[in-house]
Amino acid sequence: MLQISCPYCGARAEIEFRCGGQAHLERPGPHDQVSDRQWAEYLFYRDNPKGVSLERWVHRFGCRQWFNVARSTLTHEILAVYGMGEQPPQLEGTKR
Amino acid sequence: MSKLERMSPLGRGISATAYSSEFVSLRQQTFFGVAKVIVRKSDLLGSPELEALLGVRAPQMANTVVQGSGVEIAWAAPNQWLLLGDEAEVARICAAAQTAFRDETALVLQLTHAYAVFQIEKTGARDVLASLCPLDLHPRAFAPGRCAQSLLGDAGVFIQQCNEAPSFRLMVDQTYAGYAWRLLSEACKSLSSS
Amino acid sequence: MFLQEPKDLTRHYSAASLLREGFNKQKGWAPAWRDAAPKAEYDAVIIGGGGHGLATAYYLAKEFGMTRIAVLEKGWIGGGNTGRNTTVIRSNYFFPESAAFYDFSLKLYEGLTRDLNYNIMFSQRGMWNIAHDRHGVEMLHRAVNAMLLNGVDAELHDGAEVKRRIPILSDAPRYPVMAGLLQKRGGTARHDAIAWGYARAADMRGVDIVQNCEVTGFDIVDGAVTGVRTTRGDIKTGKVALAVAGNTSVLAELAGFRLPIISYALQACVSEPVKPVLDTVLLSISHGVYISQSDKGELVIGSAIDLYPSYAQRGNLPVMEHTAAGVVDLFPRFSRMRFLRQWAGIVDVMHDSTPVVGLSPVKGLYLNCGWGTGGFKAIPGAGFCYAHTIAKNEPHPLTAPFSLKRFETGALIDEAAGAGIAH
Amino acid sequence: MSGFRLEKGGRIDRSRPLSFTFEGVSYEGYAGDTLGSALMANGVSMLGRSFKYHRPRGLLAAGLDEPNAIMQLEDGAQARPNVKATGVELYDGLRAAPVNAWPSLSFDLLSVNSMFARFIPAAFYYKTFMWPHWSLFEPAIRRAAGLGVSPEASDEDIYDKRYAACDVLVVGGGPAGLQAAQAASRSGARVMLVDHDAQWGGSLMASNRHVGQDPADDWIGRVVEELRAAPETQLLNRTLAFGFYDHGLVGLCERLTDHLPLAERSGPRLRFWKVRAKSVILATGAIERPLVFPNNDRPGVMLAGAGATYAARYAAAPGRRAVFAVNNDSGYESAAVLRRLGVDIAAIADARPGLSAKGAQMAASGINVFTASTITNVRGGKKVRAAELHKLDDDGQAVKGSAALVECDTVLTSGGWSPVVHLYSQAGGKLRFDEQIQAFVPRECGQHVLCVGAAGGEFSLTQGLADAARAGAAAARDCGFDAADIEPATVDGEAFGNIRPIWQVDVSGLAGERGKAWLDFQNDVTSDDVALAIRENFKSVEHVKRYTTLGMASDQGKTSNVNGIGVMEGALGKPMAQVGTTTFRPPYDPIEIGAFAGRRVGENIAPLRPLAAEDAHEMLGARFEDYGGWRRPAFYAQDGEDEHAAVRREALAVRDGVGLFEASPLGKIEVAGADAREFLNRFYVNNMATLKPQRCRYGVMLDENGVVLDDGVLACLGPNRYLAGTTSGHAALIADNMDEWLQCEWPDLDVVVQEVTTNWAVMNVNGPRARDLLRKFDCSIDLAAEAFPHMHVREGEIEGVACRIQRVSFSGELSYEVAVPWGFGASFWAALMDAGREFGVSPFGVETLMALRVEKGFLHVGADTDGMTLPQDIGFGGVISRKAADFIGRRSTMRPDSLRDDRRQFVGLECLDGSAKPLTVGAHVLLPESAPPALTQGWVTSSVYSAALGKPVALGMVANGRERIGEEVKIWDRGVSRRARISAPGAYDPEGKRLHV
Ligand SMILES: Cc1cc2nc3c(=O)[nH]c(=O)nc-3n(C[C@H](O)[C@H](O)[C@H](O)COP(=O)(O)OP(=O)(O)OC[C@H]3O[C@@H](n4cnc5c(N)ncnc54)[C@H](O)[C@@H]3O)c2cc1C
Ligand SMILES: NC(=O)c1ccc[n+]([C@@H]2O[C@H](COP(=O)([O-])OP(=O)(O)OC[C@H]3O[C@@H](n4cnc5c(N)ncnc54)[C@H](O)[C@@H]3O)[C@@H](O)[C@H]2O)c1
Ligand SMILES: Cc1cc2nc3c(=O)[nH]c(=O)nc-3n(C[C@H](O)[C@H](O)[C@H](O)COP(=O)(O)O)c2cc1C
Ligand SMILES: [Zn+2]
């Protein structure tokens, strides 16, 4: 069971949280100018890295706030926690 | 036609609403006032109106509670607070806050009816909570004046430590009152038997 | 040269060969497959020595006459999900596309032991999918009719009948058993035997099975693949077929594209072995649990995925706690049985829980992925169709609907939506 | 083995005799015994039969590494299959039986398997049973397999759980663990020390050692006392650390009552701990390896250390005359223990060429020590009679003609020790092979974990204690405590020679058949099996495991895995370091499924939420069911009515008079702010930009994939204030979604959101007399038709209590949804029933609600729709095309597949066969002529008998259905066909006249 540091509440057990998937997705728009391909990329295509994954989590049973996490999908180690809308920190092995 | 009557969340099915042993005591606290204040802009929280209403500045430190005039104010999330205390007092403050924030993006909601409130105390209280809740409630990690939202079994819970005894206040959605009561009272019993 | 015909007496398995070797101190058994070293060039290279990769190689050789081929496995064959799954085989799918494909696969399974001359212990002990509320029962009705219309065997029984047939089910569960959908032809098979049986049969047809050989890159010229780089040297080839399950995104990235896949850890566990107590397979969607008893006596329990991306191949506690609660609710007597071992596999999940078997954005590079939590039952069928795809450079009609295009057109084949089962 | 009880000594309490039975025979033991030691003391040498060959087996080990002595304990609700006799504390009245033997241990029919052993090598089943068909063989194979029997009764025990956090968790209460805990504890850090044993001291309990000046026992007692007194230190005995998970989480299982007589047990049986430790110290010791030689599985052949443990700790001697076969010095220590306690040491065969210091001591004291020698066979079947010893040449081969036959009744072997690195490895720790001790030892780990003592590969106790003391203090310092280094205890008389690895005694040079040599005793895996696997190209350690089942038994190869790797080294010609280990997985020792489930059993699995007026519903005869986690009346049965009759009556009551329905679970979300309107307009398919205060509008919400997620009524309570209604099961989900979109996608929108579902109880007053009924209440809201029209919302007071009323209807009748603060719900319901008596008010349940809405053709999300349904499929195409703005999921409704005109669409289905029986929900729609296998046209999604119309009505999703209204189709349900016609949904009052009254 992971231990995740909510930026507001501090370190808490994984079961209080929910993972919302890849972070920093940009919603394409306006809707009538988005190609099927672009839309599919946004909806379904994912980096799915083996290594550092940037993802968003919500403190579902806590303060209900969303935030970003840089986490290794290999070791599950959490390398950074940062706010919604913030840029990811420079980490080794991070894409983009 | 008669006036409508109030019923507490543990109104049915649960024969006892209090448990007490040498190590731990547990009871339901009925008719306890709860309200939530949500503001959009953080500068509202420092507004003189709010402070005047509450008699104190709403806590800015996450997971802390301050004593206001008549009510306690607990941090719930950034720009969100719970007002806890006497029902009438909570209602009065709510009404005033609603007026004060009429032109703001804010919600001031009485949620008294949405919660079931329990009080658990004595030396075994932490162990009982630890059997259901992943929070670290050790005195070094948690203390009077602290609060947190977490899980009690599979239900969300608001926990506040009221004093050193220790005494904790627990609030769950009232539709989980029976569930929480069952879990808590069973855990209390297990504590005494092992 | 290796033997082309499986009937060769020195390699044919039977009671007689066991008897012979019994007297021979077991000294006469040939290797089940050769320990091949990679050659410099192949007609086709299959990446991934799981059931899918090995079956594909077998059918390529057997059905499509391609024998200058290799299966490259980074570790040991069958060490991926094929060797760590709960072995449930069924074709109780909702959509005609899925049903046609999975039933084809099931039929291949029915003849596989003989086809491979390897006892895969396919045990058609029936597969139950049970419902616990009105809506669940309605969904089972919808599913049973879909199966029958798709030409697949299916029976629907009420809760009392389910309980009569599986008497050890709880008398008073939190989730009452209100109905059960039974596919009698469903069942389990020995997971390892699938990998080893296909490996042996493919090897006998000349396929090189290369272990400890990790693919680390692709040579791509003008959008077409010309070779792969491996930890055991570069290999030239015009056809490269991915069959790497949870690692598909990693290889796709090496080839320069992304996929609509998320990799998750799916957990499973076994209990200590006991004498026969459960002679069917039972799935409860509400509990997120499926359970059967292996021939060796363990309860084999399938659990859920940890809901965050992972390549750690390691299970977590919260999911196991939920799974255990489901097991105990269904079978209160199993509460005192003990978990012996808990593990996980990395599954490649697509949004609609339907796979992709077909072409990729790179010419000569083929995709077999997205099986998520349910690709074991698909091994023979997908092996066959994938071999067809590789040999002919176009999808087999049975897997043609399972293309990447659907994520753009929206023509998802969403089994979770159709039958309530997400695999 | 001819074990017996020693006259004195041991940590047993001779004043507390306990009686127990094994295979129906009564025996006596003492408090402090394990079942294993008590059986040994009673001279019971055969405790089980092996899995495959049904060979007779006795004790091999004294702890959780035991592979042979597998027992079925008790029966009924107390039954416990497959427990290790060595891990069971004896209690009075214990009843044990062997497993896998029939009809009895001494005469086991399946022991014939052992005669066929040569024909059933490893994995033989893959090579046969193919003809005619596996199914003919499988039942017999299954019956032969398996160990104990699954309990037959439901488990009645309680399983407790506990979360804990600490600074330093020390696993293992042997000398190293005690020392580490002491060092950490003195700093004031929060320390937990756990051991699965009932007693503290680990291997020290069975040694001759002194720690410092004191006998080991005194030292243990002192440290334990100090730890007990430390306020922030917690000691848990009978507690197994079973798994090491992510981020310092260690799973523990504490046995609370298993050691008590059945009648004295109360309270929880086990406690399942989830401990989050900042730092973990593993002091889990090491496991001794047996020597691998022909017939090494005979009852009476044991691990040397185990033999010493039985004698020293339990005063149970494994025999009167022992032969030792060792390849390292630890065996001498064991021999010394046994000798001191009166066991005759017939000979010690030491594989090493020269005498070590310890060996020399032994020899000097008159014991026969054979150097460069080992054991090559055991004589005797169910008991050991003699050991055959041979000289070994330099290559480790037994030398022909060098035989010595030594009579004995027990053989004790030591093939070296393997550190217990299981938890370390589970934590992600990497191992390396240590040549010095010939074992895998910890190398590095990403988590905060350290192995000390034997677990760290340090077999010198002096050194181990020093390391432990340092590690304990360092761990505390890592957690921010000011920990002083403590002076570790020291131990005298330690001398360590080398170890000569002989992974398998090579008897190939000797004459005659000797039989197999066992690696994995429980799964009957021999060294020949490993060799065969490798010959067949199963060369990876993982392949060998799976092909031979080595290490897959209920002991998980604790005594066999490393020996197996050693045998592989020989067969592969590849060093053990490169062979590597198989993966260590939780649990370290099997854990009850019930312990994982904990209190999540019965009604606690998924708590059912009650309605506000639950008592009243109950009294009215409600049949409750679980609807999305809410306990709601399906209908109210009067005078033995069945569901059909009840629903019919209730529905008619609503159509003709007035009905009352508790709708409290309806989701309620308050949305406020300057941008609330804009936000909601992006959230709903419908145009919400034009919704005016005091008005309501029905709306549909999608996910980004365009799928209909939920529907409900949005009420505008005032400028910038809205109340969003959701379906009962979806309130939390939609509130979560709103939060997510606001925080992640549209943080600039000036909006706040709060779910308030359970603050308000909702009573739905439904039917033509609804207004008349409500008018009997003192209400501040004008209910007149003109003042309060359909699809409007009002806030006010009723009987002096705050209320919110919405005029919305799922029945097509005049209807008011009245919300009052939840606590008043029950009383309000009662008052409504009271006031409604004169109008013949009838309560109605969810199934009646469904019937009413089906008659009206109203969609029910989740029943009529599924995970594929797009808004245009349910008739929202027009709404979309009239709306300019983007909304969640909009782009998905524009994909090519979304625009297909043969998509399944929401329609009515009218039965044509004149039968009153409703269509089956889940029946499929076919073309009239088609028969299976056939392409489905869709399916029935909702279906009821309409009392108001006097016929069945149904809804469904049908391919291109809207274009096909009027067309006849076949409704097919498991072979039975019925005729039906596609119609517009909504057979009752299609014009909606009854609404606007
Ligand atoms: C716990 C669990 C339970 C399951 N239960 C069921 C079930 O009951 N029924 C069912 O039908 N399905 C089930 N599944 C799913 C099923 O196991 C998989 O879908 C199926 O086994 C996939 O087979 P595969 O051959 O594609 O992949 P794998 O067997 O995973 O093989 C892929 C191989 O590719 C290799 N590889 C990866 N990267 C490289 C590289 N770069 N170079 C070379 N080789 C590489 C891997 O080492 C691996 O051996 C379950 C899965 C899990 C994890
Ligand atoms: N001479 C040799 O070759 C040799 C080899 C090995 C060990 N030894 C001796 O053995 C002793 C080792 O002492 P130590 O303290 O390291 O080990 P130990 O064996 O004394 O103690 C280990 C303790 O850990 C407990 N334990 C193991 N796994 C556990 C788990 N998962 N959960 C809970 N408890 C668990 C055991 O019950 C035991 O009490 C020393 O005296 C050493 O000299 C000698
Ligand atoms: C169907 C099935 C049955 C299994 N039975 C056993 C078993 O009896 N004993 C055992 O130790 N492991 C058993 N396992 C688990 C394997 O030991 C192993 O954990 C799993 O294949 C994953 O591999 P890994 O743990 O090496 O990563 C079984 C696995 C499967 C898929
Ligand atoms: Zn938080």
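A, B, ... follow the sequence lines: proteins, then strands. Residue 1 opens every chain.
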Given heavy-atom pairs under 4.5 angstrom as the criterion, report whether the side chain, backbone, both or neither of L107(B) touches chain D.
both
Region of V39(B) that comes under 4.5 Å of a non-hydrogen atom in chain D:
backbone
Region of E603(D) in contact with chain B, defined by heavy-atom distances below 4.5 Å:
both
Under 4.5 Å from a heavy atom of chain D, the part of A155(B) involved
neither
Under 4.5 Å from any heavy atom of chain B, what part of A826(D) do you find: side chain, backbone, both or neither?
side chain
Between CG on residue L4(B) and CD1 on residue I798(D), distance to nearest 0.5 Å:
7.5 Å
side-chain contact (heavy atoms from CB on, under 4.5 Å) assessment of E186(B) paired with I158(D):
CA-CA 10 Å; E186(B) 282 168 15; I158(D) 299 169; over 6 Å; no
Please classify the contact of W630(D) with chain B as side chain, backbone, both or neither, using a heavy-atom distance under 4.5 Å.
side chain
Among A187(B), A180(B), P134(B), residue most engaged with chain D (heavy-atom pairs, under 4.5 Å)
P134(B)
Side-chain heavy atoms of R182(B) within contact of R599(D), under 4.5 Å
no
Keeping the roles fixed (side chain from S827(D), backbone from E5(B)), state whether a donor-acceptor pair exists under 3.5 Å.
yes
Engaged part of A802(D) at the chain B interface, taking heavy atoms whose separation is under 4.5 Å:
neither
Checking S190(B) side chain against P268(D) main chain: does a donor-acceptor pair fall under 3.5 Å?
no
Does any heavy atom of chain B fall under 4.5 Å from the side chain of I605(D), the backbone, both, or neither of them?
backbone
dist T112(B):OG1 -> N759(D):CG (nearest 0.5 Å) comes out at 7.0 Å
What part of L749(D) gets within 4.5 angstrom of chain B, counting heavy atoms only: side chain, backbone, both, or neither?
backbone
Calculate, to the nearest 0.5 Å, the distance between atoms OH and OG1 belonging to Y115(B) and T758(D) respectively.
8.0 Å
Counting only non-hydrogen atoms closer than 4.5 Å, does R140(B) touch chain D with its backbone (N, CA, C, O), its side chain (CB onward), both, or neither?
side chain
Show your reasoning for whether side-chain contact (heavy atoms from CB on, under 4.5 Å) applies to M7(B) and F824(D).
CA-CA 6 Å; M7(B) 207 169 95; F824(D) 293 106; over 6 Å; no
Can you tell if the side chain of N720(D) reaches within under 4.5 Å of the side chain of T105(B), non-hydrogen atoms only?
no
Side-chain contact, heavy-atom cut-off 4.5 Å: D750(D) with K41(B)?
yes
Between NZ on residue K36(B) and CD on residue E755(D), distance to nearest 0.5 Å:
10.0 Å
Using a 4.5 Å heavy-atom cutoff, which residues in residues 167-174 of chain B come close to chain D?
D173(B), Q174(B)
Flag the one option from R721(D), Q754(D), R276(D), K274(D) with the top tally of heavy-atom pairs under 4.5 Å to chain B.
Q754(D)
Have a look at V752(D) and tell me which of Q80(B), R40(B), E104(B) forms a side-chain contact (heavy atoms from CB on, under 4.5 Å) with it.
R40(B)
Using the rule given for side-chain contact (heavy atoms from CB on, under 4.5 Å), can you reason through W822(D) versus T175(B), listing the C-alpha separation, both sets of side-chain angles and the distance that settles it, and then say yes or no?
CA-CA 10 Å; W822(D) 191 285; T175(B) 58; 4.0 Å; yes
Interatomic distance, CZ@R162(D) vs OG@S131(B), rounded to 0.5 Å, equals 6.0 Å
What part of D127(B) gets closer than 4.5 Å to chain D, counting heavy atoms only: side chain, backbone, both or neither?
both
From Y163(D) OH over to L135(B) CG, what is the distance, rounded to the nearest 0.5 angstrom?
10.0 Å
Please check this pair: side chain of D136(B) against backbone of A165(D), looking for a donor-acceptor N/O pair closer than 3.5 Å.
no
